[in-house]
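A, B, ... follow the sequence lines: proteins, then strands. Residue 1 opens every chain. Because only heavy atoms are used, hydrogens play no part in the values below, and waters and symmetry mates are left out as well, while side chains stay in.
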4 protein chains.
Amino acid sequence: MEVKGLGSSEIREPRQQRSIEKKKRIIDVGFRLMCEKGYHNTNTAEIAKEAGVSTGIVYNYFTDKKDIFIAAVQSYNDNLIAPMYDRISKMDKRIDLAELIKELIGVFIQSHYISKEAHEEMLAMSHSDQDVAKLFLDFEINTGNNIVGLMKQNGIITENPSEKVYIAIGLIENLCHEIVYHKHQSMDYEIMTDEIVKIVVGMLAN
Amino acid sequence: MEVKGLGSSEIREPRQQRSIEKKKRIIDVGFRLMCEKGYHNTNTAEIAKEAGVSTGIVYNYFTDKKDIFIAAVQSYNDNLIAPMYDRISKMDKRIDLAELIKELIGVFIQSHYISKEAHEEMLAMSHSDQDVAKLFLDFEINTGNNIVGLMKQNGIITENPSEKVYIAIGLIENLCHEIVYHKHQSMDYEIMTDEIVKIVVGMLAN
Amino acid sequence: MEVKGLGSSEIREPRQQRSIEKKKRIIDVGFRLMCEKGYHNTNTAEIAKEAGVSTGIVYNYFTDKKDIFIAAVQSYNDNLIAPMYDRISKMDKRIDLAELIKELIGVFIQSHYISKEAHEEMLAMSHSDQDVAKLFLDFEINTGNNIVGLMKQNGIITENPSEKVYIAIGLIENLCHEIVYHKHQSMDYEIMTDEIVKIVVGMLAN
Amino acid sequence: MEVKGLGSSEIREPRQQRSIEKKKRIIDVGFRLMCEKGYHNTNTAEIAKEAGVSTGIVYNYFTDKKDIFIAAVQSYNDNLIAPMYDRISKMDKRIDLAELIKELIGVFIQSHYISKEAHEEMLAMSHSDQDVAKLFLDFEINTGNNIVGLMKQNGIITENPSEKVYIAIGLIENLCHEIVYHKHQSMDYEIMTDEIVKIVVGMLAN
DNA sequence: GATGAATGAGTCTTCATTCAT
DNA sequence: AATGAATGAAGACTCATTCAT
């Protein structure tokens, strides 16, 4: 409808160290606030203020508020999930499966201290936003495929690996969430962990 | 959390049939819209309009927008989840466990066609709202306890029933969500279902 | 991209007297301010304030700021231009052509005390906005056609009436603007008027 | 109207060739963009970018955005209108008046391919800005005086030359605008041109 | 002179909530 | 009880202008 300048609202990828740090700060603060208070209860002015920048500069680095959220979740993925795979892939391969799963759970828990909330925000946002829905799905598929790949590399052969990995990830995520936030006071996490390890080992044995 | 006013804006519990239906309509429409588009993308004017009432009257029945959401989720629980337990409790007790689980999954799927989105919205909202967080937790605990109770009534005895039921519910919810929304194109749901039935049966056998 | 409610942002056509007056006040104030200071230097808060309404209510009656502008120009057309045709069509038909043109100029001047600025704002806005461009063009074509029609009714027959009317309107508009704003101090308006009457009469004689 | 700062932010008149070209580029780009999209839809970052300079340097040459606009219009006047007078003054004086007017129209059209939009932007801006209003008026008066002067030099003597030239310019401008943008599909430009030539010749004959 | 990152006031628009009728 | 017009605070985003480098 309106004739708008195309040059003005261009998003710059910062090249200089100062700018890169600034962008990173915006992402980190945005991620934290959105996890703490939810996407809709976090406003751009607040993000800017806590990141120590002006409201305007935010829009040099991001097209809009949603873009901060997406960048934050991706950054989370890059900085926490990806290294997680590294650690998994470096685990001693002679270890037995139960130990492997346990270590895996330990690793998941570490990266879950923040992720579950981001995860839940994404789920909620994907109801109303296709970009987030896509991001979320890609993220999930990717995680699954990576795990399946790692399993093959580690000589763990099983029928229907995709389905089983999907089930296992779901199990472990639920467990981690419960352990991290321990909302159900009466639950015994050691029992739950053992049970889940048993399930996963049993499932992968077929 | 909120101190309700005692003055003129007190919330009335409708006594007359017409009013009761009106309140119910608001809840139903609110629930549907919030599931479809998310809490924050649903506005009260829209709810009122689709429910066929004035915007003002909404605030005779509910203190605020959040209250509609909470009522809607509770109503969902009462109208869909609770009957689910009924149906579960009426299932033929001589049936073998695997069949029982399968039926259970079928029942869950039916009520999941709407619930998962409400569930996700609740999760997201619980980040920023303690009332919702409490509601959500109560809801979960309740479901777990009910299932444990039903199991006892059906003579299913197992160690650590709470933990196992929690795990089983998580498994089944994930499965239902996947089947209902089938976002992962490559997954074979029959395989997943069989696998999960096997897991739950195995787990409860101990 | 976002799922937005369709019910919420509906524009209501006010039915009650109070509302109709309110809408009219917004249009009038908006028109005046935009003429005085230009479209871009007039903000919606100011319009609302001067119209004695809240900023929010403006958006019950208008989709956006541009809509106020368009409504204002249309209202101007309805309230000033249209009655002008009335007066023209009621002019004594036995009058000679020169007198007719003179009266016409008089009538034009009366309605030009505001219109020229609106006209110029429209011209400027039509550079960047297609809706305004369309409105403006329709407005012009309409004026021309009406005048041609009135001429026929009054028995004024000439070759190429469209072109001549277009030329005549341009002449008269320029004259009116000059007379109303008399920016060129040295101009003698009586001479200009006589000259233009002579031109139009001469042109229509062929 | 504006009090220019005497401190560090003084506007420099560029002396070096490189700088002069840079300033010229800013003016040219600014003029083009403002004509295309309107003053308010053109931002300084865009002008700078298209001119191949930094946003900061713009403010070494111009006090503010409006200053670019004014410089651009003045430059337009100097570079297009002024040469137009040259060409007019070099036209063969033995030519008859009708031919002269026709050529004049041709020359006007050439410079109108851009100017009309600038003209309209100026008109609109003069509502809110006295500097522009003044510039615009001076520009008009100047054009009129120049034409009157040229007429005298060419031996064209008439009563009330100022008024007639003003009328003639208005006529020709309208015609040019119509021919250049030909928005009224049904108009026959040849007829319009002939009619206007006839009018001007007739008017100047007295 | 030159850069372009940074500022932050300003603007349009939305919407939960209230209140006169 | 019911209406729906009205409120006004809040928020995302823009952009002319400045300034450290």
(message) With nearest nucleotide decided by heavy atoms, which residue, A:Lys65 or C:Ser54, maps closer to the 5′ end of DNA chain F?
(response) C:Ser54
(message) Using heavy-atom distances to pick each residue's nearest nucleotide on DNA chain F, tell me which of A:Thr42 and C:Thr55 is more 5'.
(response) C:Thr55
Between the side chains of [Y] and [X], is the shortest nitrogen-to-carboxylate-oxygen separation below 4.0 Å, so that they form an ion pair?
X: C:Glu121; Y: C:Lys37; value: no
X: A:Arg32; Y: A:Glu36; value: yes
X: D:Lys24; Y: D:Asp28; value: yes

(message) Please give the stem ranges for DNA chain F, sorted by first residue number, where a stem is three or more consecutive Watson-Crick or G-U pairs and both donor-acceptor distances are under 3.5 Å.
(response) E:2-21 with F:2-21
(request) Give the nucleotide from the list E:dA16, F:dA6, F:dC15 with an atom nearest to the side chain of D:Asn43. (result) F:dC15
(message) Checking contacts here: which listed nucleotide (F:dA1, E:dT17, E:dA6) is nearest the side-chain heavy atoms of A:Tyr61?
(response) E:dA6
Does OP1 or OP2 of [N] have a side-chain N or O of [X] closer than 4.0 Å?
X: D:Thr44; N: F:dA16; value: yes
X: A:Tyr39; N: F:dA12; value: no
X: C:Lys22; N: F:dA6; value: yes
X: C:Tyr59; N: E:dT14; value: no

(request) Determine the contact category for B:Val58: base if any of its heavy atoms lies under 4.0 Å from a base atom, sugar-phosphate if only primed atoms, P, OP1 or OP2 are that close, otherwise nothing. (result) nothing
(request) Please state the P separation for the pair F:dT21 and E:dG1 - nearest whole angstrom. (result) 23 Å
(message) Would you call the rings of D:His40 and C:His40 parallel, tilted or perpendicular, taking 30° and 60° as the class edges?
(response) parallel
(message) Is the ring pair A:Tyr39/A:Phe69 parallel, tilted or perpendicular, if the boundaries are 30 and 60 degrees?
(response) perpendicular
(message) Given 3.5 Å as the limit, does a donor-acceptor pair link the side chain of C:Lys22 with the main chain of C:Val58, or not?
(response) no
